[in-house]
Structures are given as structure tokens and as C-alpha cells.
Amino acid sequence: MEAQVPRPLRLIFLLCFFSALPRRCRFLAAEAAPTLVASLPGFDGPLPFRLETGYVTVDEQNGSELFYYFIESEGDSRSDPVIVWITGGDRCSVLSALLFEIGPLKLIGEPYNGTIPRLRYHPYAWTKVASVLFVDSPVGAGFSFSRDPRGYDVGEVSSSLQLKKFLTKLAPPNCLVHRPRLGHF
Ligand SMILES: *[C@@H]1O[C@H](CO)[C@@H](O)[C@H](O)[C@H]1NC(C)=O
Ligand SMILES: *[C@@H]1O[C@H](CO)[C@@H](O)[C@H](O)[C@H]1NC(C)=O
């Protein structure tokens with residue numbers, strides 16, 4: 001791996017997409033073949049928010065795919081912003097943001113006794129006021145993978161271009177009402 005993603009920051013950046021996506025534009029492209037996740041092991045009852053997961057191919061030659069969790073805003077998902085969240089550090093799973101930072105679920109901290117760890121609802125999540133697209137990026141982070149090992153050899157530029165491709169496939173430009181704004185933390 002010659003070009004690593006050197007950022008030690010837990011959070012690289014937020015890409016805020018502007019207000020509404022028109023209603024007829026389903027956010028997720030057909031290619032993504034999203035899975036609606038209605039319940040999770042360790043969580044009592046159905047999830048009280050809408051969670052979709054799926055994969056998008058970002059490098060056809062090497063068979064690389066990025067995995068995402070899309071959680072729809074619990075407010076007004078038609079007018080609330082859509083936030084793209086990527087966890088920094090080299091190839092950390094974005095699940096850490098979902099369970100420990102801004103997501104609507106938290107692990108219950110208790111001594112491990114050999115059973116499935118329990119989850120609880122987190123009422124102060126960003127998903128109260130925005131839809132959040134959590135992306136395992138770059139390829140090799142979390143559940144994102146490459147069929148050809150050469151696909152893991154990505155750096156800041158190539159993984160950014162893959163992310164752009166991912167977003168374009170997921171939310172075709174004609175679905176976007178305003179131009180994206182790029183914000184840094
Ligand atoms: C482990 O802890 C959970 C949560 O407190 C409890 O429901 C379960 O019965 C425990 N299992 C064992 C094998 O002790
Ligand atoms: C596939 O991986 C190789 C080796 O990292 C890279 O040079 C090539 O650009 C990748 N293919 C695509 C389409 O990105």
C-alpha cells in the first residue's frame with residue numbers, strides 16, 4: 001500500500017447536501033439494491049427509524065464496492081438536509097459513528113457475558129434533524145471491500161474520486177435541488 005490515508009482525525013469531513021430531494025427521486029439508485037433493516041439483534045422491538053444499507057460499485061475493474069448505512073431523518077425527511085459522514089483514521093468502520101457518536105443507537109455499556117451486546121435508542125442523534133448517509137470509505141474500511149486486492153491500493157485522491165462516483169450513483173445530480181456545500185471540521 002503506497003498511498004495511505006494518513007488522517008488521524010476521527011472525523012474527516014461532512015458533505016452537506018442542501019435541502020430537499022424531490023419526492024419522486026428515491027435517494028438510492030437501483031444499482032445499490034438497498035436492504036431495509038427493520039430490526040437488529042440486541043435491540044428490543046422494531047427500529048424506530050428508517051435504516052437502509054447497501055453497496056455501490058466504485059471501481060469496476062477491481063470490483064471495489066463501498067458499503068453505506070442510510071438513516072432517514074426522524075424530522076421531515078423531505079426537507080431536512082442529507083449529511084454524508086465518513087469516519088477518519090485509516091480505514092475505521094463508520095459503524096463507530098453510528099454507535100458511539102452521532103447515530104440513533106448506542107451500545108449499552110455492561111460487562112460482557114457471552115451474549116449479543118445490547119443496543120438502545122439514542123434520542124440526541126443527528127438523525128433527529130437530518131438524514132445521514134454513513135459511508136465505509138475508503139475501500140477496505142468496515143464492510144467496503146474489493147474483489148481484486150489491488151483495489152485496496154487507494155490514496156486520498158483516488159478514494160475521493162470513488163466517493164464522488166458513489167454519491168453520483170446513489171443520488172443522480174438531477175435529483176439534487178441545490179449545489180452541495182463542502183464543510184470541514
Ligand atoms: C447476559 O446479560 C443479558 C443482559 O443483561 C441478559 O439478558 C442475559 O440473560 C445474560 N445471559 C447470561 C448467560 O447470563
Ligand atoms: C484498479 O487497481 C489498480 C491498482 O491499484 C489501479 O491502478 C487501477 O486504477 C484500479 N482501477 C480502477 C478502474 O480504478
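Whatever order the structure lists them in is the order used to number ligands and atoms, beginning at 1. Because the structure is a prediction, the values reported are computed rather than measured.
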Is Glu101 salt-bridged to Lys106, going by a charged N under 4.0 Å from an acidic O?
-> no
For ligand 2, which atoms have a heavy atom of Asp59 less than 4.0 angstrom away?
-> 1 (C), 10 (C), 11 (N), 12 (C), 13 (C), 14 (O)
Using modelled atom types only, decide if a donor and an acceptor are shared between the side chain of Tyr121 and the backbone of Phe43 within a distance under 3.5 Å.
-> no
In ligand 2, which numbered atoms sit nearer than 4.0 Å to a non-hydrogen atom of Asp153?
-> 5 (O)
Within a distance under 4.0 Å of any heavy atom of Thr115, pick out the atoms of ligand 1 and give their elements.
-> 1 (C), 11 (N)
Non-hydrogen protein atom less than 4.0 angstrom from atom 7 (O) of ligand 2 | no
Pair Glu60-Lys169, salt bridge (charged side-chain N to carboxylate O under 4.0 Å, His left out): steps then yes or no = CA-CA 13 Å; Glu60 283 80 7; Lys169 281 188 166 184; 3.2 Å; yes
Against heavy atoms of Arg118, which atoms of ligand 1 measure under 4.0 Å?
-> 4 (C), 5 (O)
the protein heavy atom lying closest to atom 2 (O) of ligand 1 turns out to be Asn113 ND2, 2.4 Å
shortest atom 3 (C) of ligand 2-to-protein heavy-atom contact is with Asn62 ND2, 3.6 Å
Heteroatom proximity flag, Glu60 to ligand 2, N/O under 3.5 Å = no
Set of salt bridge (Lys or Arg N to Asp or Glu O under 4.0 Å) partners for Arg118, sequence neighbours left out | Glu110
Of all the non-hydrogen atoms in the protein, which one sits nearest to atom 4 (C) of ligand 2, and at what distance?
-> Arg150 O, 3.6 Å
Scan side-chain atoms only and decide if Asp80 and Ser77 contain a donor-acceptor pair under the 3.5 Å cut-off.
-> no
Go through the side-chain N and O atoms of Ser73 and Ser131 and say whether any donor and acceptor fall under 3.5 Å apart.
-> no
Sub-4.0 Å atoms of ligand 2 with respect to non-hydrogen atoms of Gln61 | 10 (C), 11 (N), 12 (C), 13 (C)
Ion pair Glu74/Arg50, N-O distance below 4.0 Å = no
